Amino acid sequence: MLPFVKYHGLGNDYVYVDGFTHDVPDPAGLARAVSPRNFAIGADGLILVLPATPGGGAAGAHCRMRMFNADGSEGQMCGNGLRCVVKFAHDHALFAGSNAARPMRVETGAGVLAVGYDLDAAGRVATVTVDMGRPILAPERVPVDVSELEPGAGEHAWRIPATDTTPPQEAVLVSMGNPHAVLFRDDPLDAAEERRIGAALEHHRAFPERMNLHAVHVRGGGEVDVVHWERGSGPTLACGTGAAAVCVAGVLTGRTPHRITTHLPGGPLVLDWAETTGRVAMTGPAVEAFTGVWRGPL
Ligand SMILES: N[C@H](CCC[C@H](N)C(=O)O)C(=O)O
């Protein structure tokens, strides 16, 4: 039996396990076991909150996040998940001083990130602001194999050639520690078609570590609509690292200002790519849905 807590950030939901007190020998297998909706807990994946590694601790980390998509693949970073990690650690007092760690510093695959938060009237974490760090734009570090792509229209765009099931796609490729392809559309989004395209391109040979894809329609000014297809989890209601990639891509292509509101299927996230520091800040909610005990295979 394994206690868990279910959290979500704008409907991007994960099963959280306290790795300070419980050992999970096969997190990839557990992610695959708990994620199916109707047949298990139902989630976009699994997140372990663990003690920092010696290196992370030396860099000031209070704890460590490991996230696993629904298919068991491990993601280097998860924006919505990280907001809920801080809420879990604070509200459930996972480590000594967790109620005073402000900002909380969390070791992730994208480095040790600082996470600030405010509290509600009950003294629980409410709104959370994550310092997502700096985007990575060098193709080989996204990673992407540009020999499989063509130059796109503009300095930061690439053209994904037509496949058997998709027309050519203009993409801006950004890593936030995990890989993202941002596809700007001139017209309002057709969510079903965008998810079909995302499913077709996640495993494209240009993407050696697969890809998270995000279709974007700029409403005007700093307001954009986004539809996601996530590596390892498919269609999600929100993708925090994806929203950060959208913010960066909008600035790089001159479509949006540095501070935007991304309207995701699950709700809005505010992103700000600071000109002074080059770091992206993401602000949004973190919600505890329920607690439970997993009685399935570990
Ligand atoms: N599917 C992503 C991880 C989860 C990212 C997303 N849920 C977020 O909030 O950033 C990947 O494999 O890179």
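For ligands, and for the atoms within them, numbers begin at 1 and follow the listed sequence. Because the structure is predicted, anything quoted here is derived from the model rather than measured.
Contacts of M67 with ligand 1, taken as heavy-atom pairs under 4.0 Å, involve the side chain alone. Contact annotation for N80 and ligand 1: heavy atoms of both the backbone and the side chain come within less than 4.0 Å of the ligand. Residue contacts with ligand 1, taken as heavy atom pairs separated by less than 4.0 Å, do not involve F68 at all.
Proximity to M77 (heavy-atom distance under 4.0 Å) selects the following atoms of ligand 1: 3 (C), 4 (C), 5 (C). In summary, the atoms of ligand 1 found under 4.0 Å from a heavy atom of T241, numbered by their order in the structure, are 5 (C), 8 (C), 10 (O). Atoms of ligand 1 lying under 4.0 Å from at least one heavy atom of N212, given by number and element, are 1 (N), 2 (C), 11 (C), 13 (O).
Among N178, V174, L82, the single residue meeting the side chain to side chain contact (heavy atoms under 4.5 Å, CB included) criterion with T241 is N178. For the pairing with F4, the side chain to side chain contact (heavy atoms under 4.5 Å, CB included) check across T291, I41, I47 returns one residue only, I41.
Counting only distance, with no hydrogens or angles, the side chain of N12 and the backbone of L237 share no donor-acceptor pair below 3.5 Å. Side-chain N or O atoms of H62 include one that pairs as donor or acceptor with a backbone N or O of R105 at under 3.5 Å. Proximity of a side-chain donor or acceptor of Y14 to a complementary backbone N or O of L48 within less than 3.5 Å is not detected. Between the side chain of S98 and the backbone N or O of F95 there is at least one donor-acceptor pair closer than 3.5 Å.
Nearest protein heavy-atom neighbour of atom 4 (C) of ligand 1: E230 OE1, 3.2 Å.
Taking a 4.0 Å cut-off on heavy atoms, S233 fails to register as neighbouring ligand 1. Remark: distances from the non-hydrogen atoms of Y14 to ligand 1 include one below 4.0 Å. Residue contacts with ligand 1 include N12, since one of its heavy atoms falls under 4.0 Å from the ligand.
Looking only at atom types and distance, the side chain of E223 has a donor-acceptor partner in the side chain of H263 under 3.5 Å away.
Heavy atoms of other residues, nucleotides or ligands lying less than 6.0 angstrom from CZ of R196 number more than 12.
Residue contacts with ligand 1: G81 is placed with no nitrogen or oxygen under 3.5 Å of a nitrogen or oxygen of the ligand (distance criterion only). Considering both main-chain and side-chain atoms, G240 comes within under 3.5 Å of ligand 1 through a nitrogen or oxygen pair.
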